[in-house]
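Quick one: structure below, then a few questions.
Letters go in sequence order (proteins before strands), and every chain restarts at 1.
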Amino acid sequence: QQPAQFTNPETPGYVGFANLPNQVHRKSVKKGFEFTLMVVGESGLGKSTLINSLFLTDLYPERIIPGAAEKIERTVQIEASTVEIEERGVKLRLTVVDTPGYGDAINCRDCFKTIISYIDEQFERYLHDESGLNRRHIIDNRVHCCFYFISPFGHGLKPLDVEFMKAIHNKVNIVPVIAKADTLCLKERERLKKRILDEIEEHGIKIYHLPDAESDEDEDFKEQTRLLKASIPFCVVGSNQLIEAKGKKVRGRLYPWGVVEVENPEHNDFLKLRTMLITHMQDLQEVTQDLHYENFRSERLKRGGR
Amino acid sequence: AGPVESRTEAAMSELVPESRQKPVVPMKPMGINANLLGYIGIDTIIEQMRKKTMKTGFDFNIMVVGQSGLGKSTLVNTLFKSQVSRKSSGWNREEKIPKTVEIKAIGHVIEEGGVKMKLTVIDTPGFGDQINNENCWEPIEKYINEQYEKFLKEEVNIARKKRIPDTRVHCCLYFISPTGHSLRPLDLEFMKHLSKVVNIIPVIAKADTMTLEEKTEFKQRVRKELEVNGIEFYPQKEFDEDLEDKTENDKIRQESMPFAVVGSDKEYQVNGKRVLGRKTPWGIIEVENLTHCEFALLRDFVIRTHLQDLKEVTHNIHYETYRAKRLNDNGGLPPMTVETEENHESNL
């Protein structure tokens, strides 16, 4: 953001609309940002820990983990928790949509119907509100981004992963994530990433693409964007525990053979994931609006009926 | 047959079971007249059996079962690597363990302290990858039953071999994914079915993903779940023969199991020694270091202390159950035509 520079309004040729971005900025800050993040993946892949780590909060204070026998009975559920985070006067209303039960059943055939219905419902609701008479307070509950968790224990994508991503890649921005990355050594990570990227291409899955840096951005930003793009899918480790390492307290995991530091770029891609999410929140919302929502809308209106 | 290894003096005592001498043939207690007037030498029978066993050697078959990517094949390599002399050639060191696509049995003859052991490890393809995983335990169950069938066929032969080749699975290591939460529904189903036909030893795979607290908690939860769901893993409570067995096995059942293991067939230099391990940016995980993981406990449990018992339970309980069912189905007669598919390749 450029600091406000007021030229003398009496200067000839000066209209004053250069100040517009600042006005927009002030209004946005007042209004606050809304963002909905959906989290999908099998049990035990480190989803909740990662979300808590990303936003430095505990979104699941009263969590009870069900046993295997209980999981047999359960179908996929949708649980949305909203949290208001404020940082330097900027308010973020973050909604995290969880999908417990995904991938747990012995037969996962109907696993993603519930999830797809949820995404469509949010689009439907928005379409309805948008076409309504009073459009003052439209709440945007559309899913702006979906973190899809891939198991670090496998050999790449599983059939369920492929099917699910293909079913939602035209409805939501998919960001593939590999959590519990401390289970892999560096070579294994590179191999797994490459394998996953190859499989994504092979199956024609459309994941979220970071936009290239504009030509007028500075070199650092361009380099950062390049690095981010090259690291997808991100291999991350989550933790909110503070461990003593090398004389200072860091967030990490303590093992008998060493400490894994969450915010150490040599240990994992956590910082990259966080950077990507924060710097591209706006873009994720735009793509949801301009691409996924518009797709839904035109399909819906073509089919007719309200 | 695979390479025959001989070991140095120092490591000789490793494989030979020492303290708990279980006789090869269970001896029935006889009414003893305690008033013997001299030394007869009955106790030398133990020594005679020992010599005999040493000559004939041990056969032992372990199967590894679990979802894709949990490190079963790597553990198989680790098991052999930690037993077999490091300088052994003819061991193909691949950079990466490829995905196992069919059941394969890999056998090695190992000799130590005059005892020969033929250790066969049966590696199975990972299951549970598909969207619909119903009945994915059937191929494994089928394989196990086929080995019983083979043995039965030999046994009921008129002219049968002096020593029937034993390909029956004595021990099945079931790999549990280290989610840190609980067992998966698939794990429950799988183990429920398998525990009826084979000795199951649950093992937590890729244990380097959990801290010490997480490990303890997870083990407790898994133990509880297995108990609540009535899954009898080895050592089964009902087969404890006496108080001594019970105390020892109780301790193992309630504290050590399931063993949390890490596998690797790569070596690194740590403190001047070459160790099997995994190298990460934050440290080297040593496979045989008990403060890092319980691989050594598993290895000792299966090979050093409970090997004979595993074989006995397989022969006396699981095999007998199978045999009784087969004979029953046939009206008490030995089976006529049996199908056995040679569907595994082995390096024997």
* Return yes when atom CD of B/E227 has more than 12 non-hydrogen atoms of other residues, nucleotides or ligands closer than 6.0 Å, and no otherwise. =>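 For B/E227, atom CD is not crowded (no more than 12 foreign heavy atoms under 6.0 Å).
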* Structure fact -> By residue number, those in residues 181-192 of chain B with heavy atoms under 4.5 Å from heavy atoms of chain A are B/H181, B/S182, B/L183, B/R184, B/P185, B/L186, B/L188, B/E189
* Non-hydrogen atoms of chain B under 4.5 Å away: do they reach the side chain of A/L184, the backbone, both or neither? ->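 Only the backbone of A/L184 comes within 4.5 Å of chain B.
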* Asked: So, do B/E286 and A/W257 sit near enough that their side-chain heavy atoms are less than 4.5 Å apart?
  ->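 B/E286 does not reach A/W257 side chain to side chain.
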* Structure fact -> So NZ of A/K187 and NZ of B/K266: to nearest 0.5 Å the spacing works out to 6.0 Å
* To the nearest 0.5 Å, how far apart are CG in B/D129 and NE2 in A/H155? -> 8.0 Å
* Asked: Considering residues, nucleotides and ligands other than A/K229, do more than 12 of their heavy atoms fall under 6.0 Å from its NZ?
  -> yes
* **Contact winner vs chain B - A/E261, A/E163, A/E188, heavy-atom pairs under 4.5 Å** => A/E188
* Would you indicate whether A/Q241, at its atom CD, is surrounded by more than 12 heavy atoms from other residues, nucleotides or ligands within a distance under 6.0 Å? =>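 It does not: A/Q241 CD has 12 such atoms or fewer within range.
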* To do: Anything in residues 197-212 of chain B with a heavy-atom distance to chain A below 4.5 Å? Please list those residues in order.
  =>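 Listed by number: B/K206, B/D208, B/T209, B/M210, B/T211, B/L212.
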* **Side-chain heavy atoms of A/V260 within contact of B/W282, under 4.5 Å** => yes
* Asked: Between CG of B/N133 and CZ of A/R109, what distance do you get to the nearest 0.5 Å?
  -> 11.5 Å
* Taking the side chain as C-beta and beyond, is there a heavy-atom pair between A/E266 and B/P281 under 4.5 Å? ->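 A side-chain contact under 4.5 Å is absent here.
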* Pick one of side chain, backbone, both or neither for B/Q130, based on which atoms fall under 4.5 Å of a heavy atom in chain A. =>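 Looking at B/Q130, backbone and side chain both touch chain A.
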* Under 4.5 Å between any side-chain heavy atoms of A/F153 and B/S68, yes or no? ->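 Not touching, per the 4.5 Å side-chain cut-off.
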* Should B/K279 and A/C185 count as side-chain neighbours, where that means a heavy-atom distance under 4.5 Å? -> no
* Asked: Roughly how far, to the nearest 0.5 Å, is the SG atom of B/C136 from the CG atom of A/N107?
  -> 11.0 Å
* Asked: Would a 4.5 Å heavy-atom cut-off, applied to side chains only, mark B/E214 and A/R253 as touching?
  -> yes
* Heavy-atom contact with chain B under 4.5 Å, split by part of A/L254 ->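 Contact with chain B is through the backbone of A/L254 alone.
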* Check whether any side-chain heavy atom of A/Y255 lies under 4.5 Å from a side-chain heavy atom of B/I285, and answer yes or no. => no
* To do: Please tell me if the side chains of B/I131 and A/C108 come closer than 4.5 Å, counting only heavy atoms from C-beta onward.
  =>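 When only atoms from C-beta onward are counted, A/C108 and B/I131 do touch, with a gap below 4.5 Å.
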